[in-house]
Participant: 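The structure that follows is given in the form of structure tokens.
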Amino acid sequence: MSDKEGGASEGGLNVTLTLRLLMHGKEVGSIIGKKGETVKKMREESGARINISEGSSPERIVTITGPTEGIFKAFSMIAEKFEEDITAAMTNSTVTSHPPVTLRLVFPGSQCGSLIGKGGSKIKEIRETTGAQVQVAGDMLPESTERAVTISGTPQAITQCVRHICSVILESPPKGATIPYRPKTMPGAGHLVFQQQQQQQQHASQAFTIQGQYAFPHQDLTKLHQLAMQHIPLPSLGQSNPTFPGMDASVPTSSQELAIPNDFIGSIIGRQGSKINEIRQVSGAHIKIASATDGSPMRQVTIIGSPTSISVAHYLINVRLLSVVTDLGAL
């Protein structure tokens, strides 16, 4: 932590910050609580202003504003609430490994270079110091100049990570004008609609919307699992498929790394590689799973492809992880 951040922590500096989080519907519902009681308690105990964007979008922006200590308290409470949700979801599960809490922050792209550091030195330092996993998206969020920064770990590690991130952004203000990311309420730019033909089911098709770099559809868990668990072959999106204009071979490729607990890798791979091959086929992305490292509870997964391909692959991987945690469907 820098001197500047240390001063803010001890009340020596009255620094007011605004941080933005990207959440899907289920997360937002958890934060709000029954009759708004949870978010009211968070506001009162942290002293921070917590505002949630309006709309029926699959994604919502949660804005947290206040003095640095208030920000850290609010993040701590949010992370602890998500930890409670994970524990509750695992109550009747056979999974032994506890998945980490994950938060997605949004920052101006011009600040992300400082967050990564020369040759990745700063982000490596933050990971090693806090014990949290930190991933900076390679691409801007749709129609904006902002990038998603995903942090995962224990609530304590996440809060420490946010302290370090705040220290960096205080010392590296954004350059130029920032076009903020605004989630869309209707399918359009930055969206991809899956139409899954279900000949053996009552409904002819089911539409799923993916928005931006990281997102979940605003449907219930059953519908989420229909996409990931469906035994009818999913349509291959392929390259330059006219139905999916986002999947264009001419789009520059990038990569994204995920850290997945060892206990969950099997559900991503599937029997004889069936699930990972399906995810590769549907998304059009190349997916590499690193070999197990001695003593490490995590496995590195690298997704390579166009921004849309990466978003689709990340989404499908998340659905598989969600299915394990909630113990729905056969693996």
Side-chain angles (χ1 to χ4, degrees), residues 24 58 99 102 133 135 137-139 142 148 150 152 190-199 205-217 219 223-293 298-325 328-331:
H24 60 80
T102 300
Q133 288 286 331
Q135 306 288 346
D139 300 291
T150 305
S152 58
H191 283 62
L192 177 64
V193 177
F194 275 39
Q195 288 190 318
Q196 181 185 11
Q197 301 305 319
Q198 299 174 317
Q199 296 100 339
S205 66
Q206 197 76 30
F208 294 86
T209 302
I210 295 177
Q211 180 182 47
Q213 186 76 12
Y214 310 93
F216 292 79
Q219 271 99 2
K223 290 181 181 177
L224 273 174
H225 291 308
Q226 284 175 356
L227 180 61
M229 302 296 182
Q230 187 58 248
H231 295 297
I232 302 168
L234 290 166
S236 173
L237 302 189
Q239 298 300 321
S240 302
N241 186 326
T243 311
F244 303 97
M247 307 293 282
D248 190 339
S250 64
V251 175
T253 60
S254 56
S255 66
Q256 181 186 332
E257 291 186 347
L258 306 175
I260 308 286
N262 285 331
D263 286 4
F264 294 81
I265 282 293
S267 68
I268 301 298
I269 296 172
R271 287 183 182 176
Q272 298 180 328
S274 59
K275 279 298 168 189
I276 192 72
N277 288 335
E278 185 179 82
I279 293 171
R280 285 173 179 142
Q281 181 187 2
V282 172
S283 67
H286 297 285
I287 304 169
K288 299 176 183 177
I289 299 176
S291 301
T293 306
M298 310 294 276
R299 293 274 283 279
Q300 205 71 23
V301 177
T302 305
I303 308 171
I304 303 168
S306 69
T308 306
S309 294
I310 291 173
S311 184
V312 174
H314 192 177
Y315 165 78
L316 291 173
I317 287 171
N318 274 327
V319 172
R320 290 297 301 162
L321 292 175
L322 193 60
S323 73
V324 180
V325 174
L328 288 175
L331 294 180

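Any value given below was found using the heavy atoms of this structure, including those in side chains, with hydrogens, waters and symmetry copies removed. Keep in mind that this is a model prediction, so the values were computed, not measured.
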Participant: Kindly compute the distance separating CZ (Arg299) from CD1 (Ile265), expressed to the nearest 0.5 Å.
Facilitator: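 Arg299 CZ to Ile265 CD1: 5.0 Å, rounded to 0.5 Å.
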
Participant: Got a second to check how far Thr150's OG1 is from Leu258's CG, nearest 0.5 Å?
Facilitator: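 CG of Leu258 is found 8.5 Å from OG1 of Thr150.
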
Participant: What I want to check is whether the side chains of Glu257 and Gln300 have a donor and an acceptor closer together than 3.5 Å.
Facilitator: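 The answer is yes; a qualifying pair exists.
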
Participant: Might you point out which heavy atoms bring Gly305 and Ile310 nearest each other, and give the distance in Å?
Facilitator: O-CD1, 3.5 Å

Participant: Evaluate the side-chain proximity of Asn262 to Met298: yes if any heavy-atom separation is below 4.5 Å, no if none is.
Facilitator: no

Participant: Do the non-hydrogen side-chain atoms of Val312 and Ile279 ever get within less than 4.5 Å of each other?
Facilitator: no

Participant: List the residues meeting side chain to side chain donor-acceptor pair (under 3.5 Å) with Arg280, not counting sequence neighbours, and say none if there are none.
Facilitator: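 So Arg280 forms a side chain to side chain donor-acceptor pair (under 3.5 Å) with Asn277.
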
Participant: Testing Ile276, Val282, Ile268, Ile287 one by one against Leu316 for a side chain to side chain contact (heavy atoms under 4.5 Å, CB included), which residue passes?
Facilitator: Val282

Participant: Side chains of Ile289 and Thr302: closer than 4.5 Å at any heavy-atom pair?
Facilitator: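 Contact flag for Ile289/Thr302 side chains = no.
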
Participant: Kindly give the heavy-atom pair with the smallest separation between Ser255 and Ile304, and that separation in Å.
Facilitator: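 The answer is CB-CG1, 3.9 Å.
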
